[in-house]
Structures are given as structure tokens and as C-alpha cells.
Number of protein chains: 2
Amino acid sequence: MMSAMSPRPAGAPPATGAGSRRKRSKGDLTSQAILDTAEHLLQTRSLDDIAVDELTSGAGISRSTFYFHYESREAVLYALSERAAEGLYDSAALWLRRGSEPPEDSIRRAIAGTVALWRAHGPVLRAAVRARDTSELVRGFWSGVARRFVDSTAQQIEIEREAGIAVPGPPTAHALATVLVTMNESMCYSLSLSRRSAARDREAVETLTAVWLRSVYGVSR
Amino acid sequence: MMSAMSPRPAGAPPATGAGSRRKRSKGDLTSQAILDTAEHLLQTRSLDDIAVDELTSGAGISRSTFYFHYESREAVLYALSERAAEGLYDSAALWLRRGSEPPEDSIRRAIAGTVALWRAHGPVLRAAVRARDTSELVRGFWSGVARRFVDSTAQQIEIEREAGIAVPGPPTAHALATVLVTMNESMCYSLSLSRRSAARDREAVETLTAVWLRSVYGVSR
DNA sequence: GAAATTATTCGACACGGTGTCGAGAAACAA
DNA sequence: TTGTTTCTCGACACCGTGTCGAATAATTTC
């Protein structure tokens with residue numbers, strides 16, 4: 001007796017990353033196929049417009065099998081977000097500028113990196129941002145990402161202020177950082193919604209960079 | 001014969017505004033009741049979590065009657081948005097500052113007005129912003145509002161630049177305006193999500209004002 | 001390699017929400 | 001009153017979700 005009570009892989013399968021050394025079980029493969037189908041469909045439709053059977057027929061399995069691999073559509077999105085947000089963390093590290101490189105360069109580079117990443121994974125990131133208001137899981141994950149960005153930015157602002165390079169408070173370093181990071185996100189969101197265009201991207205990067213520079217350092221040119 | 005083909009009031013009932021002089025037909029009343037119920041429920045739940053029968057039972061009518069008054073839940077949101085966005089247009093007029101008032105004051109006043117409006121109608125405005133990605137109708141309406149804001153801001157920036165008060169381009173007046181307006185919106189969105197707090201609101205207004213001032217005028221203080 | 005165990009898949013089902021239809025009640029006009 | 005327009009309702013067809021238990025495939029154990 002004792003029915004199997006198979007341990008459903010709640011959030012994401014063990015190590016969905018590319019570098020997974022574990023043996024590729026059949027289940028891993030279909031989990032992956034579902035993820036891929038989802039990312040593909042997300043390029044056209046919003047998450048709640050995508051029915052579960054579209055996900056599964058794209059992966060060549062029956063609808064009910066889906067629920068063996070994921071708890072819900074949101075769980076799929078969560079797994080997808082993790083995959084896409086890895087790159088974001090790298091960008092976050094760029095805030096902390098190296099050596100004596102002028103702030104303008106490091107800020108522009110970081111912003112350009114963020115824009116590029118939104119271009120690469122726009123549909124997933126947009127869906128994730130939208131799901132913040134819906135899914136506790138996604139909200140938690142995403143607010144972690146945001147905090148990381150805000151904190152390191154605020155820290156950097158404080159350093160520059162103490163060095164007398166950046167213009168001092170009333171806006172708290174933290175408050176300023178929050179606004180700037182939020183601004184970046186929403187610009188990237190709407191940018192990723194428009195047709196891909198190098199010129200548009202460049203202008204967005206330049207504009208955001210200018211706002212960052214002027215807000216933090218007060219300088220113009 | 002010739003079945004009535006009753007002219008369903010597509011978007012919103014004739015003149016949903018408060019100043020409507022038309023006779024209060026029974027239908028107007030229930031349309032209104034639906035709207036009120038929707039705004040009330042929106043304070044707790046997201047739009048797609050709200051079922052049509054919750055809207056109608058709140059208004060004391062049967063579910064199918066809903067479809068006589070509105071085409072869909074989105075149409076309700078559209079009507080609600082119009083109601084809430086009226087105030088926004090007033091704020092937009094504030095960009096164009098009067099006489100010789102220092103820019104800092106008019107900008108702060110305009111931003112404070114926007115924040116206040118988001119505090120008053122947060123749930124509706126949030127739902128509207130979310131529905132931009134979903135409903136063509138809402139997207140059109142909302143992008144009209146946004147354009148109005150951006151255009152008048154850009155125009156004002158250009159005036160200030162020609163007067164030598166504001167720091168000159170690379171960032172086009174229009175590009176800069178877009179970023180700033182977008183920033184305001186997303187900050188208001190997330191602010192309206194947090195528990196009401198005069199202190200928090202004040203800090204947000206100050207921070208946004210600082211970013212506007214520094215981005216447009218380059219000054220620090 | 002046969003049996004036991006575990007992992008994966010499936011079809012069927014119950015449920016809940018949507019949107020449409022045609023019948024009819026209520027309000028109003030003549 | 002009668003006719004017309006406005007408004008309301010219940011019934012219905014449809015679609016998507018999530019759960020269950022049984023069936024099959026893969027893997028381990030002996």
C-alpha cells in the first residue's frame with residue numbers, strides 16, 4: 001500500500017541551470033521543454049493568456065502532466081525569472097566602480113548592460129514584473145533583486161558623498177537610489193516593449209545616464 | 001418584429017461625470033453602482049481576481065445584467081480610469097509655471113499633486129496601468145494621458161533651455177521628459193502600494209523633486 | 001533478468017468563470 | 001390602454017483549471 005506520494009519539484013527542478021551535473025532524467029527534460037515553450041510563447045502573449053495546454057502541447061505532453069512538474073503557471077514564471085535574473089546580478093556588481101575610472105563610464109556601462117539584458121529577455125522580465133502584484137513567490141524573489149540593486153547603489157552614493165564628489169543629502173542616499181533604480185526598471189520595461197532599435201537603445205542609455213549623473217553628482221557639462 | 005438590438009453603452013454610459021444634467025434613468029444608477037462596487041473591490045483584489053458576479057451582487061443585480069451595461073470587466077476599468085484621470089489633467093497644467101515663481105516650487109507642487117491623486121485613487125490607477133498591457137482601449141487612453149504630460153514637460157524644458165536656465169541637450173528635451181514622467185508614474189505606483197504615510201509621501205515628493213531639478217536645471221542648491 | 005520501487009504520464013471528472021440568447025418585467029410615452 | 005424602449009433575468013454552451021486514481025516507463029534491488 002502507501003501510494004507513492006511523489007515528491008513534486010515545487011518551485012523549479014533541482015538544478016535547472018545549464019551546468020547541472022546530475023544525470024538528465026526524463027523529467028528534467030520535459031521540465032526544461034515546458035520552460036522553453038513558455039519563454040517562446042511569452043514573446044507573443046501575456047502569461048495569463050497562455051493556457052496550460054499550450055505549454056504542454058508545445059512540449060509534447062498531456063495537459064495534466066504539467067501539474068506533475070509545476071504547481072502553476074506562476075511557478076514556471078518563477079523558474080524562468082531565476083534564469084533571466086542571473087545576468088542582472090552581474091550588472092549590480094558594476095555599480096561599485098573600479099579604481100579611478102570616471103563615474104560616468106561605469107554608470108553608463110552598468111545601464112547599458114541592464115538595457116541589453118532587458119532586450120535579451122524582455123518578455124520574461126516583463127511577465128515577472130507583472131507577476132509581482134499577483135504571486136507572493138515572484139514578489140519575494142523580485143524584491144530581493146531590487147534590494148540588492150538599491151543597497152549597492154545607495155552605498156556607492158554615500159561613498160561619493162563622503163568624498164565630496166557627489167552632492168549631499170536631503171534626498172537620502174537610499175531614497176535617491178530607490179528612485180533611480182525604479183526609474184531604470186520602468187524605462188527598460190517600456191523600452192523592451194518597443195521594436196528593437198539600436199538608436200533608441202542608445203538614446204535611452206544616454207538619457208538615463210544623464211539623469212543618474214546629474215542626480216548624484218549634480219554636474220552637467 | 002425586429003428585435004430591439006438595444007444600444008449597449010459600449011465604453012461608459014453617456015455622461016458618467018458628476019455634472020451630468022440628464023435625467024437619472026434607472027440604468028444610469030446601476031451602471032454607477034457597478035462602478036462603485038468595482039472601485040471598492042479594487043482596494044482589496046486585483047481586477048482579474050474580481051469575478052463579474054461579485055460586481056453585480058455588490059450592485060444588487062444578476063450576473064448577466066452586467067453585460068447589458070458593460071462589455072467586459074475592462075470596460076468598467078476604462079470608465080473608472082476616466083473618472084480618476086480627470087484630476088491628472090489638472091496636474092499636467094501645473095508644469096507650465098506661472099510668472100516668476102521659482103521652478104522648484106511649481107515642480108514640487110505638481111509632483112505633490114500627482115502623489116496625492118495616486119493616494120486617493122491608487123487601486124484604480126494601478127489597475128489601469130496594469131491593464132495597459134492587456135486592453136487596447138485602456139492602452140490608448142493611458143498613452144494619451146502620458147503624451148500630454150510628456151509633451152507639456154518637454155515644451156517647458158525647451159523654454160527653460162532657451163532662457164539659459166536649464167542645462168542644454170544631449171538628452172533631448174523630449175527624451176528627458178519621457179524618463180522623468182515615467183519615473184514619477186512608477187514611483188507613485190509603488191508608493192500607492194505601501195501603507196499610507198505622510199512622512200513617506202513627503203520624502204518621495206522631495207526625492208522626485210530633487211531628481212527633476214537636478215536633471216533639468218543641473219543645480220544642486 | 002524478475003520483482004519491487006519510484007518517476008512520469010494520462011484520461012476523466014468536478015468545479016468555477018465567461019459571454020450569449022431569448023423571454024419577459026418595468027418604465028415610460030402617447 | 002397599448003406600444004415602445006429600457007432593463008433584468010435564468011438557462012445554456014463553452015473553456016480553462018486543478019485533482020485523482022489508474023496505467024505505463026524507468027530505475028533499482030536482489
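The chains referred to below are lettered A, B, ... by the order of the sequence lines, with proteins before strands, and numbering in each begins at 1.
Side chain of A/Y189 to backbone of A/N184: no donor-acceptor contact under 3.5 angstrom is found. Under a 3.5 Å cut-off, the side chain of A/T172 and the backbone N or O of A/A175 do not form any donor-acceptor pair.
By the side chain to side chain donor-acceptor pair (under 3.5 Å) test, A/R202 is found to be paired with no residue, residues two or more places apart in sequence or in another chain being considered. Residues satisfying the side chain to side chain donor-acceptor pair (under 3.5 Å) criterion with A/S64, sequence neighbours excluded, are A/S62. Partners of A/R63 by side chain to side chain donor-acceptor pair (under 3.5 Å), not counting sequence neighbours: none found. B/T134 pairs by the side chain to side chain donor-acceptor pair (under 3.5 Å) definition with nothing, not counting sequence neighbours.
Separating the CZ atom of B/R73 from the P atom of C/dG17 is a distance of 11 Å, rounded to the nearest angstrom. Protein atom CZ of B/F66 is 16 Å distant from nucleotide atom P of D/dC7, rounded to whole Å. Between the OH atom of A/Y67 and the P atom of D/dG21 there is a distance of 18 Å, rounded to whole Å. We find that CG of B/L29 is positioned 10 Å from P of D/dC7, with the value rounded to whole Å. If you take CG of A/D28 and P of D/dA26, they are 15 Å apart, rounded to a whole angstrom. Between A/Y70 atom OH and C/dT8 atom P the separation is 12 Å, expressed in whole Å. The CD1 atom of A/I34 sits 8 Å away from the P atom of C/dT9 (whole-angstrom rounding). For the pair B/F68 CZ and C/dG24 C1', the interatomic distance rounds to 14 Å; values are reported in whole Å.
The nucleotide whose nearest atom lies closest to any side-chain atom of B/S64 is, among C/dA12, D/dC9, D/dT8, D/dC9. Side-chain proximity of A/I61 to C/dT8, D/dG10, C/dC10: nearest is C/dC10.
Close to D/dC9, at under 4.0 Å from its OP1 or OP2, lies a side-chain N or O of B/T65. Residue A/R63 places none of its side-chain N or O atoms closer than 4.0 Å to OP1 or OP2 of C/dG11. Within the 4.0 Å cut-off from OP1 or OP2 of D/dT8, at least one side-chain nitrogen or oxygen of B/H69 is found. Contact annotation: A/T30 reaches the phosphate of C/dT9 (side-chain N/O to OP1 or OP2, under 4.0 Å).
Residues from residues 36-53 of chain A that place a heavy atom under 4.0 Å from any atom of DNA chain C: there are none.
Sorted by first then second residue, the side-chain hydrogen bond (donor to acceptor under 3.5 Å, both in side chains) pairs that include residues 49-61 of chain B, not counting sequence neighbours, are B/R45-B/E54.
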